[in-house]
Amino acid sequence: MKLRGLIEDFFTEINFKFCRCGSTFHQTISQQILSFHNFEEDYLHFLTQYLRFLAFCQKTIEFFDMYWLFEPFADEEFVDSLFMFSAKYPDAGLILYLPTSDIVFMLTSLAENYLWLKNLGLSIPLVFFFIKSIICTSLFSILTLDIFRLENLVLYFDFLSQLFLIYDTVEELRVLFILFNFYNFELILNIFFFSLKYDIYPWYMGLYSKSEYFFIPLGILINFIIAFLLLFLVYIINRGTGISDLEKTSAYECGFDPFKDSRQLTDINFFRVAVLFILFDLEIIYLIPWIFILYASFYNYYIIIGGFSYLFILSLGLLFEYKSKMLDW
Amino acid sequence: MLNSYLLNFKNFLSLKAICQVIILFGVLFMFYFFLQLNSLYFIFTPSVFGLVALLLFTILVLLNVYFIVILERKVMGAVQHRFGPNVVGFFGFGQSGADGGKLFTKELLIPRYANTFIFLISPIYSFLCSLLIWLFLPYSSYGAFVNSDVGMVFLFAITSINVYGIIFGGWASNSKYAFFGAIRSSAQMISYEVSLSLTLMPILLVVGSANLYLIIEFQEKVLWFIISYFPCGILYIISLVAETNRAPFDLPEAEGELVAGYNVDFSSLTFALFFLAEYSNIIISSFLITIYFFGGWNFGLCGISFHFEIIITSIKLVLFIYLFVFLRATFPRFRFSELMGFCWKVILPLAFSFFLFYTILTIWIWIECFYESLLLIALSILISFIHWFLALVFFLLSFYVGLVYYLPEQIIPVYKKFDNKVLLWARVKLKEIEKT
């Protein structure tokens with residue numbers, strides 16, 4: 001197990017370099033297999049992706065500049081009403097103030113120090129679920145109030161403004177609150193997470209897209225079109241120039257017409273080479289997955305022996321062919 | 001053989017030729033620099049922009065082919081004591097353009113008994129296959145158009161598919177020369193393909209993924225595979241030269257026996273497409289050598305910026321293209337039986353044995369002393385040195401064998417005399433030592 005951990009660390013060190021190039025598809029085979037079991041890592045992976053996406057959201061919001069919506073409220077009456085509200089419910093501000101700041105702080109610290117938490121023994125999905133539940137309760141407590149009353153709206157905006165104030169610590173998370181606190185929080189978030197992971201994030205980052213293989217049929221199509229168009233052009237340009245003649249269109253040989261059909265019997269050696277090729281090509285086709293399995297199983301004894309017995313038989317076959325002069329031309 | 005080799009080499013290093021080649025290299029570098037479009041694929045996501053990018057990319061690749069044809073002709077001219085193409089355009093750079101124009105205005109002739117559909121499809125097919133590989137080749141650390149996790153396997157697949165173009169072309173034209181040429185070249189390509197993929201298995205085993213990006217990054221972290229897997233690299237280069245049907249393995253183009261191999265009945269653009277495919281295959285093969293064994297965009301000693309990465313890949317690429325031309329200029333052609341024997345009796349068993357050796361070695365290292373990374377590095381360096389030494393010994397041995405068996409009989413006695421003299425000298429010395 002120690003060895004396994006060491007190997008894992010070694011390859012994670014390598015693979016962190018490839019974050020710019022791609023995502024899970026650029027990991028090694030062993031790490032993919034490991035990460036399949038390691039749900040924490042996976043969760044963190046798309047959380048980081050999501051946080052990156054939130055920066056994008058922030059930019060868009062800044063672009064549309066939603067603050068102008070609050071301008072009509074920024075008059076004396078509005079300020080008075082705020083004071084009045086605070087006078088009426090002195091505890092409300094505190095109640096809202098304390099949990100929000102704490103939640104935000106906790107979230108950021110947890111996101112940054114997840115390894116520390118890991119050492120404590122808390123699994124990260126569990127921690128995040130815990131935090132999420134706190135947020136949801138606080139939000140639902142607001143939403144249960146009558147929003148259409150101005151006082152409660154003010155209260156709500158106060159809540160938002162507190163989020164806006166903590167610029168430096170949580171630039172991204174405030175956008176999360178704006179976008180998702182009106183509806184069924186978790187459901188939409190989960191749907192959105194996965195849509196982000198597979199659709200929007202790669203498009204935004206421009207580093208990796210799932211439909212990367214789309215370039216292959218596209219390339220085939222374009223190259224085919226280029227070649228076909230060129231052929232067609234040549235055919236059109238030189239259509240009338242040549243004179244079709246029986247002698248001219250005959251196959252290239254010496255001065256005579258071709259005596260026989262050219263699809264004749266050939267040397268048996270060519271056939272033998274083809275058969276040998278099939279054997280050895282199959283060998284290689286089996287070797288590639290063998291190597292990956294060997295790598296993924298951290299050099300399991302049985303897999304090594306199985307592969308080597310296979311190779312031994314093949315090498316014996318090659319020796320037999322060599323001795324019986326099948327390879328001579 | 002040796003005489004001609006040395007003579008050619010002397011001309012190869014002549015100042016005029018070098019000047020011409022340097023100018024050509026400058027032009028080539030320019031075009032390779034434009035190929036960083038390849039690395040800007042993140043702007044051209046699969047869409048209309050992607051289509052435009054691909055079109056631009058293919059045009060650039062074809063331009064590269066254009067210049068490499070001139071390069072080859074220039075270098076060949078310098079080697080053979082003549083001017084290369086020097087009339088059309090500046091330093092004869094317009095020569096292959098003129099050739100292409102000529103081919104474009106020729107009549108598209110289909111033979112009487114040919115299967116027209118396959119006859120017309122086969123050049124398109126080979127052209128398509130050779131251009132398709134370009135999507136997988138990473139120019140710099142920003143990757144390629146298709147950064148697939150099984151890029152190596154894709155490359156195997158496309159190179160193996162490439163044979164069909166030649167077979168179809170030879171069979172469909174329904175003439176004997178073309179048919180035999182096609183059969184020969186297909187047999188050759190098939191048999192060298194096995195060793196081509198077998199030599200890369202140790203690399204797969206070490207890196208643990210078929211991703212080309214990861215393979216190059218591994219080389220940046222540890223060592224270039226040409227140092228750690230020297231014999232495999234040499235075998236790979238030899239089999240690539242055979243795979244692309246280049247000299248000294250250019251049996252399909254054997255003028256003495258088969259007139260032009262599978263190309264005989266192809267005229268105008270059908271021939272041009274085959275030609276383009278062949279030359280883009282040369283660039284691709286040199287690219288593959290750089291990726292698998294010479295560390296792709298790595299400088300070797302230190303990290304470098306994005307633009308330098310592209311320049312370094314292009315330098316390596318042009319050097320290997322130069323090597324291909326050099327091989328064509330110097331080496332004589334094989335006989336066909338020799339060629340097949342060389343593949344099945346020499347290269348394949350060697351590749352097989354090296355594969356076994358390296359698998360055992362890597363498994364041993366991984367099981368026993370993975371946790372001691374210093375030991376691993378020391379071991380790899382030591383093993384590489386042993387390989388270099390062995391390779392040197394074998395190289396010298398091969399020279400000796402070549403001198404004994406392949407030189408004309410007039411020269412052999414000289415060497416025998418020399419050997420006798422050395423032996424006599426040694427005997428005298430031994431006697432002296434015994435006396436003392």
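Side chains are part of it too, since the values below use all heavy atoms of this structure and drop only hydrogens, waters and symmetry mates.
- Within 6.0 Å of OH in A:Tyr310 there are more than 12 heavy atoms belonging to other residues, nucleotides or ligands.
- Only the side chain of A:Glu283 comes within less than 4.5 Å of a heavy atom of chain B; its backbone N, CA, C and O stay farther away.
- Residue contact with chain A, scored on non-hydrogen atoms closer than 4.5 Å, involves the side chain of B:Asp265 exclusively.
- Heavy-atom pairs under 4.5 Å with chain A peak, among B:Phe180, B:Phe156, B:Trp171, B:Phe355, at B:Trp171.
- Note: B:Ile124 leads B:Ile124, B:Ile121, B:Leu120, B:Thr359 in heavy-atom pairs under 4.5 Å with chain A.
- Of the atoms belonging to B:Leu204, heavy atoms from both backbone and side chain fall under 4.5 Å from chain A.
- Here the closest non-hydrogen pair linking B:Ile167 and B:Ser186 is CG1-CB, 3.6 Å.
- Looking at B:Ser267 and B:Glu107, their side chains never come closer than 4.5 Å, going by heavy atoms from C-beta outward.
- Within the 4.5 Å cutoff, the side chain of B:Ile158 has heavy atoms near those of the B:Phe136 side chain.
- Residues from residues 126-133 of chain B that place a non-hydrogen atom less than 4.5 Å from a non-hydrogen atom of chain A comprise B:Phe127, B:Leu128, B:Leu131, B:Leu132, given in numerical order.
- Side chains of B:Leu103 and B:Phe271 form a contact here, defined as non-hydrogen atoms less than 4.5 Å apart.
- For chain B, the nearby parts of A:Phe277 are the backbone and the side chain; heavy atoms of each come within less than 4.5 Å.
- Both the backbone and the side chain of B:Phe104 come within contact range of chain A, each with at least one heavy atom under 4.5 Å from a heavy atom of that chain.
- The two residues B:Gly170 and B:Ala182 have their closest heavy-atom pair at CA-CB, 3.6 Å.
- Counting heavy atoms from C-beta on, the side chains of B:Glu193 and B:Val163 come closer than 4.5 Å.
- Chain A forms the most heavy-atom pairs under 4.5 Å with one residue out of B:Leu269, B:Leu276, B:Leu108, B:Leu273, and that residue is B:Leu269.
- Both the backbone and the side chain of B:Ser337 come within contact range of chain A, judged by heavy atoms closer than 4.5 Å.
- Between chain A and the options B:Ile183, B:Thr58, B:Leu109, B:Val264, heavy-atom pairs under 4.5 Å are most frequent for B:Ile183.
- Looking at B:Met201, both its backbone and its side chain come within 4.5 Å of chain A, counting heavy atoms on both sides.
- Taking the six-membered ring for Trp and thresholds of 30 and 60 degrees, A:Phe228 and A:Phe232 have nearly parallel ring planes, at less than 30 degrees apart.
- Interface residue A:Leu276: backbone and side-chain heavy atoms are both found under 4.5 Å from chain B.
- Among the candidates B:Val194, B:Ile190, B:Leu198, the residue making the largest number of heavy-atom pairs closer than 4.5 Å to chain A is B:Ile190.
- For B:Tyr125, no part lies under 4.5 angstrom from a heavy atom of chain A.
- Looking at heavy atoms from C-beta onward, B:Phe352 lies out of side-chain contact with B:Phe357 at the 4.5 angstrom threshold.
- Counting non-hydrogen atoms of neighbouring residues, nucleotides and ligands closer than 6.0 angstrom, the OH atom of B:Tyr113 reaches no more than 12 such neighbours.
- Proximity to chain B involves both the backbone and the side chain of A:Phe224, based on heavy atoms less than 4.5 angstrom apart.
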Evaluate ring-ring contact (aromatic ring centres under 6.0 Å, His included) for B:Phe274 paired with B:Tyr262, printing each intermediate quantity in order. CA-CA 10 Å; B:Phe274 268 124; B:Tyr262 59 92; 5.3 Å; yes
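- More than 12 heavy atoms of other residues, nucleotides or ligands sit less than 6.0 Å from atom CZ of A:Phe308.
- When side chains are defined from C-beta on, B:Asn174 does not count as touching B:Pro111, because their heavy atoms never get closer than 4.5 Å.
- When heavy atoms are compared at a cutoff of 4.5 Å, A:Leu318 approaches chain B solely by way of its side chain, counted from C-beta outward.
- The line from CG of A:Leu287 to CZ of A:Phe280 is 11.0 Å long, rounded to the nearest 0.5 Å.
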